[in-house]
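Heads up, the thing below is written out as structure tokens.
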Amino acid sequence: MDATALYGEQEALATQDALRSRLILGNGPTAPATVAGLDVAYHEDGVRLAAAVVVLDAADLRVRDTAVVRGEAAFPYVPGLFAFREVPALLEALGKLTVRPDVLVCDGHGLAHPRRFGLACHLGVLTGLSSYGVGKTPLVGTWEQPDDRRGARADLVDAGETVGAVLRTRQGVKPVFVSVGHRMDLDGACALTLRLASRFRLPETTRLADRACRDALR
DNA sequence: GCGACAG
DNA sequence: ATCTTGTCGC
């Protein structure tokens with residue numbers, strides 16, 4: 001609203017452009033040994049927050065490591081610049097891990113973003129790790145409703161290009177929006193998401209991280 | 001100009 | 001994101 005916020009947005013857009021040049025598409029890990037879920041919860045003041053990262057063994061989905069940090073939002077919520085709000089706290093949490101995750105499953109979008117650089121891309125580039133996003137609601141794109149059976153998917157298309165997939169993780173439940181971040185391929189991201197979401201709509205990684213940061217806020 | 005708009 | 005447990009419906 002004010003000049004400060006507008007200037008911040010210009011800076012953020014420039015940073016987004018610079019980081020995007022380092023984004024690597026495709027070539028996700030064939031058999032990741034560990035998978036991490038990341039999420040952030042906010043205090044009612046909209047400023048104080050808790051960020052959590054939970055690392056699971058990709059084979060049996062058991063928790064291998066958990067890191068939670070408390071802090072403050074680094075940026076106001078602006079669609080398209082969402083990463084600037086949560087990335088600092090998430091990076092701090094990632095830094096506390098003792099088990100290195102092979103893939104980051106982010107709560108938000110990757111390539112399915114107005115400038116093709118959502119939270120998942122941002123975190124992937126900054127960490128150098130493979131990453132992708134699983135969003136609960138769309139940010140950009142159009143799609144045909146996927147069949148009502150677990151595993152069904154449809155292309156998420158924006159400005160003529162496929163930026164992700166609309167994936168049904170549970171029959172009879174709204175699909176999720178999957179898009180690659182860094183060093184990841186869409187098929188691998190969808191396959192992993194289905195393995196992580198065998199019982200609930202959202203991946204187990206996201207659910208565990210959500211619980212961890214919520215608990216840390218109380 | 002008017003909505004829509006990840007979390 | 002958050003306000004919010006139980007309750008209605010298939």
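Naming: A, B, ... by sequence-line order, numbering from 1 per chain.
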> If you measure from the ring centre of A:Phe82 to the centre of the six-membered ring in the base of B:dG7, is it under 5.5 Å, with the planes under 30° apart?
Replying inline: no

> Do you know which two heavy atoms are closest between A:Ser179 and A:Gly110, and how far apart they sit?
Replying inline: OG-N, 2.7 Å

> Between A:Lys136 and A:Asp107, is there a side-chain N and carboxylate O pair less than 4.0 Å apart?
Replying inline: yes

> Taking CD from A:Glu9 and C1' from B:dC5, how many angstroms apart are they, rounded to a whole number?
Replying inline: 13 Å

>> Tell me the interatomic distance from A:Arg85, atom CZ, to B:dC5, atom C1', rounded to whole angstroms.
In response: 14 Å

> Base, sugar-phosphate, or nothing: which does A:Leu90 touch, judged by heavy atoms less than 4.0 Å apart?
Replying inline: nothing

> Does A:Thr137 put a side-chain nitrogen or oxygen below 4.0 Å from OP1 or OP2 of B:dG7?
Replying inline: yes

> Heavy atoms under 4.0 Å, any strand shown: does A:Ala41 hit a base, just sugar-phosphate, or nothing?
Replying inline: sugar-phosphate

>> Using a 4.0 Å heavy-atom cut-off, does A:Pro138 contact any base of the nucleic acid, only the sugar-phosphate backbone, or nothing at all?
In response: sugar-phosphate

>> Both conditions, 6.0 Å and 45 degrees, for the charged tip of A:Arg48 above the ring of A:Tyr42: are they met here?
In response: no

> Could you give the OH-to-C1' distance, from A:Tyr42 to C:dT2, as a whole number of Å?
Replying inline: 11 Å

> Hey, what's the ring geometry for A:Phe82 with A:Tyr77, parallel, tilted or perpendicular (30° and 60° as the breaks)?
Replying inline: perpendicular

>> Is there a side-chain contact between A:Lys136 and the phosphate of B:dA6, meaning an N or O under 4.0 Å from OP1 or OP2?
In response: no

> Rounding to a whole Å, what distance do you find between A:Leu38:CG and C:dA1:C1'?
Replying inline: 16 Å

> What integer distance in Å separates A:Asp107:CG from B:dA6:P?
Replying inline: 12 Å

> Side-chain N or O of A:Arg214 less than 4.0 angstrom from OP1 or OP2 on C:dT2?
Replying inline: yes

> To the nearest Å, how far apart are A:His109 NE2 and B:dC5 C1'?
Replying inline: 11 Å

> Could you give the CZ-to-P distance, from A:Phe84 to B:dA6, as a whole number of Å?
Replying inline: 17 Å

> A:His43 has an atom NE2; how far is it from atom P of C:dA1, in whole Å?
Replying inline: 17 Å

> A:Gly80 near the nucleic acid: base, sugar-phosphate alone, or nothing, with a heavy-atom cut-off under 4.0 Å?
Replying inline: base

>> Tell me whether the rings of A:Phe117 and A:His122 are parallel (<30°), tilted (30 to 60°) or perpendicular (>60°).
In response: tilted

